[in-house]
Every structure is written in C-alpha cells, then in structure tokens.
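For clarity, every value in this text was computed on a predicted model and none was experimentally measured. Numbers restart at 1 for each chain; the letters A, B, ... are given by sequence-line order, proteins then strands.
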Amino acid sequence: MGEGAVTMPHSYPALSAEQKKELSDIALRIVAPGKGILAADESVGSMAKRLSQIGVENTEENRRLYRQVLFSADDRVKKCIGGVIFFHETLYQKDDNGVPFVRTIQDKGIVVGIKVDKGVVPLAGTDGETTTQGLDGLSERCAQYKKDGADFAKWRCVLKISERTPSALAILENANVLARYASICQQNGIVPIVEPEILPDGDHDLKRCQYVTEKVLAAVYKALSDHHVYLEGTLLKPNMVTPGHACPIKYTPEEIAMATVTALRRTVPPAVPGVTFLSGGQSEEEASLNLNAINRCPLPRPWALTFSYGRALQASALNAWRGQQDNAGAATEEFIKRAEVNGLAAQGKYEGSGEDGGAAAQSLYIANHAY
Amino acid sequence: MAHRFPALTQEQKKELSEIAQRIVANGKGILAADESVGTMGNRLQRIKVENTEENRRQFREILFSVDSSINQSIGGVILFHETLYQKDSQGKLFRNILKEKGIVVGIKLDQGAAPLAGTNKETTIQGLDGLSERCAQYKKDGVDFGKWRAVLRIADQCPSSLAIQENANALARYASICQQNGLVPIVEPEVIPDGDHDLEHCQYVTEKVLAAVYKALNDHHVYLEGTLLKPNMVTAGHACTKKYTPEQVAMATVTALHRTVPAAVPGICFLSGGMSEEDATLNLNAINLCHLPKPWKLSFSYGRALQASALAAWGGKAANKKATQEAFMKRAVANCQAARGQYVHSGSSEAASTQSLFTACYTY
C-alpha cells in the first residue's frame with residue numbers, strides 16, 4: 001500500500017446486528033460448557049489411510065457405514081458434543097433407514113459443520129511450505145451449505161517448524177487466506193473455525209513451539225482484524241503447544257498446559273468465545289489428559305477451552321468396528337466413552353483412565369499429516 | 001524464522017510483571033503528573049499563575065505530600081523529567097517521597113510529535129534516539145515504568161494506514177527498549193476526541209489501532225505481561241451532536257478492548273482525554289460494571305481528571321494547600337472506587353469537576 005495514499009474509510013459494516021447475533025449464538029452453542037467438536041471431516045484420501053489400518057476397503061458405502069457408527073450414538077453425546085464437522089460427501093449421506101445424517105445430528109441439538117478448504121498447495125521459493133486453497137466460489141458454496149443445514153465451517157492451514165520455517169511468507173499467506181475464508185463464511189451466516197495448525201513434526205522443544213505458535217496466532221488475529229471479521233462469531237482450532245514428536249525431552253500435561261495457555265493469553269483476544277484444540281496425532285488418552293490440564297491451568301482463561309478431535313475421538317471406535325456390522329454397537333460405545341471423557345476434560349474434571357495399552361494409549365502420530 | 005533469541009531472562013520478566021501488577025493492584029490507578037513545561041503553562045494560565053519552575057515544583061509538592069493513604073488509590077505516578085529531580089521544601093526528592101508511600105515512579109519518555117509528510121497533518125512520535133541510555137539512567141534514579149504517547153486523529157482520510165503502522169511501530173520499539181532496561185512500558189496510542197464522529201466510528205478506529213499496536217508489540221518481542229495499556233475510552237467526537245450515556249461508552253470501550261487486547265496484558269489504565277473529572281469517574285465505573293469478559297484490570301491514568309479541582313483550589317497560594325490536597329484525594333478515591341465498579345455518584349457537581357477539560361488537539 002502506498003504511503004499516505006491509503007485511507008481509513010468510515011466503517012462499512014461487514015455484518016448487521018442480526019447477523020452478528022446469529023453467528024455469536026451459534027459459536028456459543030458449539031462450545032457450551034462441557035461440550036466440544038467431533039471432527040468427522042476426513043477427506044476421501046484421509047479415510048483411505050484410516051480404513052487401510054483396519055483392513056477395510058475405502059468405498060463410499062464403507063465410509064457411510066463408519067460415520068453411521070459415530071452418528072448413531074445415543075443421547076449421552078448431547079451433553080458433550082456441541083458440533084460435528086462433516087466432509088462434503090457425508091453431508092448428503094443417509095443412515096440405513098434413509099434418515100440424512102445431518103438431520104440425526106441436528107435432532108440431537110448438535111450443530112452441523114462442514115470442511116470447506118480444498119487442501120494444501122506449495123508456496124514456491126520456500127522450504128516445502130504451503131498455503132491452502134478453496135476460496136474460489138466459496139461464497140456460493142457456503143450459501144448452499146447453509147441451506148443444507150450447516151451452521152459452521154472449518155478451514156485448515158498448515159505450518160511447520162524447522163531450521164528456517166515457518167517463514168514470514170508462510171505465516172502471512174496462511175493468515176491472510178484464513179481471514180478471507182472467515183470473512184466469506186460470516187457473510188453467509190456460517191461460523192468459521194479458524195485452524196492454523198503447526199505440525200508436531202520435528203525435534204524442536206516446547207519453548208520453540210510456544211514461540212512459533214505465538215507468532216502465528218498474532219498474525220492470524222491481525223489478519224482477522226484487517227479483514228473485518230467479527231471475532232465473537234468465530235472459533236479457533238489451534239495446536240496445543242507441544243514439543244516436536246522427535247524431541248528427546250518429555251513434558252508433563254501441566255507443562256504443555258502452561259505453555260499452551262500462555263501462548264493463547266498473549267495472542268487470542270477475549271472476544272473469541274472458544275478455542276477448540278486439534279489433537280494432531282496425540283493418543284486418545286494424551287489428548288484428554290492435556291485438555292484436562294489446560295482447563296486446570298491457574299492462569300486466567302477468558303475463552304472456553306475444549307476439543308475438536310478427529311483421531312483422538314475415533315481411534316478406539318475405528319478399531320472396535322473393523323468394518324464388521326456386528327461390532328457397530330461396541331464401536332459406538334467406544335466413541336461415546338471418549339466423548340464423555342473429553343467433555344469432562346473440557347471442564348477440568350477428568351481424573352484419568354488409569355488404563356494403559358489398547359488404542360487409547362497408542363500414539364496416533366503420522367508423519368506430516370494431511371487430513 | 002530464526003530460532004528464538006529470548007529478549008528477556010526469566011528474572012527480567014518476573015521483575016517487569018511484578019511492577020506492572022503492583023501499579024494496578026486492588027483498584028489502584030495512575031496519576032499522570034507528567035505535563036511538559038509547555039503544557040503546565042496552559043494549566044497554570046487558567047488559574048492565573050505564572051509558569052515558573054518554582055510554581056511547578058510547588059504544585060507537585062502539594063500533591064505528593066498528601067497523606068500516605070493515597071497509596072490505596074494511586075499505584076503509580078508519571079513524572080516529567082524536570083520533576084524527577086525536584087525536591088520538596090525540606091530538600092527531599094519527590095521520587096523518594098513517592099516511593100516511601102509505596103507508589104511506583106514513572107517517567108514520560110517520548111519527545112513530542114513529528115509530522116508525517118504526505119498525510120493529512122498526521123504525526124509520529126520522536127524519542128527513540130539514545131532511549132536505552134536514558135532508560136538505564138532513569139532506572140538508576142528510581143524509576144520503574146515509562147510512558148510514551150502516540151497520537152492518532154479521526155478526520156478525512158485519518159487515521160491513515162501509515163499513521164497507524166508508524167505509531168504502532170514506534171510504540172513497540174519504545175516498549176522493547178524499556179523492557180531491556182527494567183522499565184515497564186505504558187503503551188499509549190491515543191485516538192483524540194477532536195471531531196464530530198459518532199461513538200461507532202471511534203470504536204471502529206480504536207479497534208484498528210489497537211490491533212496494529214498488539215501486532216507490532218508481538219513483532220518486536222515485547223513481553224505483554226510486563227506492559228500496561230493506556231488507551232482512550234471509546235467516545236463520540238467532542239463536536240458530535242449525539243450524546244451517549246456512560247453505559248454506552250462502557251460497552252463500546254470494553255467491546256473494542258476485548259476484540260484486540262490479549263488477556264496477558266495485566267492492566268488497562270484509561271486516559272481522560274479532556275473529559276470532566278466526574279465523567280471520567282462515571283465512565284470508568286460503568287466500564288467496570290460492563291458484563292463482557294474483562295481479563296485485565298480496568299483502571300485510570302488521569303492527568304486533568306485528577307488535578308483540575310486541585311489546581312482550582314490551589315490558585316497558586318500556599319495557604320490553599322489543605323484544600324488542594326483534599327480535592328486531589330477526593331478524585332483519587334473516587335476513581336479507585338470506579339476501578340472496582342463501586343463508585344456512587346455523589347450528586348453534587350462542583351464546577352471544576354463537571355467542567356469539560358477538552359482542549360482542541362491536545363498535546364502535553
């Protein structure tokens with residue numbers, strides 16, 4: 001922008017008071033006390049990896065059957081699941097009785113969300129860094145999704161820590177694209193979940209992750225401000241602050257909690273109603289223990305701190321199912337169990353399972369994860 | 001992105017954060033007594049007192065020698081350079097008098113405005129040259145916090161992106177240098193009330209300005225827990241025909257802050273910017289009663305709004321010392337109550353306390 005030539009126009013409000021209220025109400029419903037999000041928005045490619053791990057073929061029918069296992073959970077999930085993120089295909093699928101999944105979820109009082117990004121693309125001239133595409137025609141897509149029952153959306157950006165990354169360009173570009181996405185969503189009555197994920201790949205320590213997370217989040221919130229995004233009608237889906245997966249130092253949940261909450265306190269304005277952490281390859285139990293420690297952290301926390309878990313809510317369920325319909329009930333129970341545990345963790349009330357072994361403790365880390 | 005090169009050690013961070021918290025503990029606020037010589041001239045002229053060093057010294061002496069119980073309402077005092085080295089009539093340094101009362105001593109560090117060419121009369125602030133050495137000396141001389149006032153105005157094409165960015169950057173450089181020298185920086189990005197714009201427009205501009213300030217502080221690796229913010233309240237322009245209640249001012253103000261100021265900032269001490277003493281107190285009270293989440297202390301850093309009645313009571317006469325001190329103490333206590341949302345409007349409106357203290361295009 002040219003010096004002195006750029007103006008501060010009078011405010012041209014991006015949203016009316018009614019639009020703001022609708023967005024803010026939706027956001028608050030999703031992160032109501034004790035509730036979090038089931039991220040069931042794995043793309044076809046990601047589902048391929050999940051299903052191959054349990055020896056199941058990646059067909060549309062199998063993906064439908066699997067999501068049915070999750071969505072047929074009984075009313076116990078009402079108190080711990082505030083939102084479910086869908087993949088496009090799933091938004092239009094139905095259960096065995098012909099009832100659309102969207103309706104089943106809405107009938108439980110759970111808000112329906114939709115993944116709207118179209119995956120990562122390389123940033124030329126960087127050390128393997130990316131931005132995320134999906135802005136073209138996004139407004140029209142959001143309008144249609146809103147008609148089809150979605151009230152929130154998700155867009156994932158990816159940054160990584162190494163000797164020279166994330167670069168200033170990667171941070172700036174991803175923050176900008178997140179802000180454009182968020183702005184467009186809000187114009188269509190959809191609450192944007194803003195996800196600037198810093199991958200756990202690498203051998204960096206906790207402090208390095210905290211430093212990078214603070215830089216990234218500061219850039220994200222500056223971009224959101226520049227793009228006139230209404231913060232009260234958004235949610236943040238960040239990584240917890242953790243060491244790199246190859247870091248030799250081990251940290252306790254309390255250390256992770258302190259680093260995470262400190263980073264958020266320095267960057268996330270109190271107007272943001274909720275922070276819904278991604279699980280990023282943590283095991284189910286780790287993800288719950290860390291969330292619990294975060295909610296017991298003694299620092300003042302003005303936003304809800306809860307979960308938006310994919311793998312950390314589904315691993316045991318997937319394992320119990322193994323593609324067999326006879327196992328569906330048991331698999332659903334596994335999911336409900338993790339949902340309830342995380343609902344407690346989101347209030348700092350989880351006492352720990354004491355279990356070891358099984359899918360719950362097994363690390364779910366996959367190098368350079370793409371959903 | 002280089003590996004992190006920590007700007008401060010753990011001990012430095014601890015010291016800064018403790019100083020900041022002490023200043024705003026328990027509803028305490030700041031007396032901004034850092035008027036430059038020129039500005040004191042304006043004040044003294046209003047009460048027909050000559051602007052001499054001795055008169056300036058006498059007035060400050062009266063304020064600082066008030067009863068120690070002032071330390072329950074005043075956590076910090078900002079001084080002008082001259083005042084830092086002045087003494088009372090017994091030869092005791094003002095800064096020692098304040099410290100003995102448990103009040104943290106601060107210093108104005110900026111060196112006034114400089115024009116930004118190519119803008120509609122916008123400015124940036126000077127004072128970065130040799131700032132580190134100056135801070136180090138002030139720290140030795142008993143100072144624990146600094147203040148730097150940036151000025152933005154609302155008008156045609158203002159504030160421009162350049163003005164916002166340049167002032168935010170200068171504030172961040174100043175803050176970084178302060179912290180390197182053990183001083184807590186008070187960051188003051190004042191959006192002045194000149195103009196006829198309405199409340200909503202001021203809120204919009206304040207949000208943009210604060211977002212830029214916090215991005216700059218982050219870019220410059222400033223430790224937020226060891227800073228304080230001194231913003232304008234969100235108000236309509238002084239020439240706006242529409243009138244707003246303290247509750248409206250409070251809601252607009254807290255909304256703007258909660259969209260931009262990270263929870264890590266321990267305290268927000270509003271400037272009074274020309275509001276009458278009573279309005280400044282009522283608005284602060286309403287702010288503290290606002291139901292939005294407020295993770296920072298919301299207090300005051302008032303100059304005119306703490307001293308107007310005191311100045312009027314003094315009139316340049318030593319015999320009026322007691323009346324002057326009473327007037328000052330009364331405003332200090334009222335504002336401390338307001339900082340806890342406990343101020344009860346007395347109903348009596350003495351002339352000086354409700355008189356608007358607005359001066360067009362105010363510079364200290």
Please, which pairs that meet side chain to side chain donor-acceptor pair (under 3.5 Å) have at least one residue in residues 18-29 of chain A, sequence neighbours excluded? A:S16-A:E18, A:S16-A:Q19, A:K21-A:D25, A:E22-A:K146

Contacting region of A:A219 [heavy-atom separation from chain B under 4.5 Å]: both

Check this for me, if you would: do A:R266 and B:E225 make a salt bridge, where the nitrogen-to-carboxylate-oxygen distance has to be below 4.0 angstrom? yes

Answer yes or no: is there a donor N or O on one side and an acceptor on the other, between the side chain of A:R265 and the main chain of A:P300, under 3.5 Å? yes

Note: A:T267 and A:Y221 closest approach over all heavy atoms is O-CD1, 3.7 Å

Keeping A:E254 on the side-chain end and A:I294 on the backbone end, is there a donor-acceptor pair under 3.5 Å? no

Mind checking ring-ring contact (aromatic ring centres under 6.0 Å, His included) for B:Y174 and listing every partner two or more places apart, or none if nothing turns up? B:W148

Do NZ/NE/NH1/NH2 and the carboxylate oxygens of B:R153 and B:E122 come within less than 4.0 Å? no

Which region of B:D219, side chain (C-beta onward) or backbone (N, CA, C, O), has a non-hydrogen atom less than 4.5 Å from a non-hydrogen atom of chain A, or is it both or neither? backbone

Proximal to chain A - members of residues 241-252 of chain B, heavy-atom separation under 4.5 Å: none

Greatest number of non-hydrogen atom pairs under 4.5 angstrom with chain A, of B:P293, B:A163, B:A211, falls to B:A211

Who are the side chain to side chain donor-acceptor pair (under 3.5 Å) partners of B:T124, not counting sequence neighbours? B:E166

Bottom line for A:H228: the part with an atom under 4.5 Å from chain B's heavy atoms is both

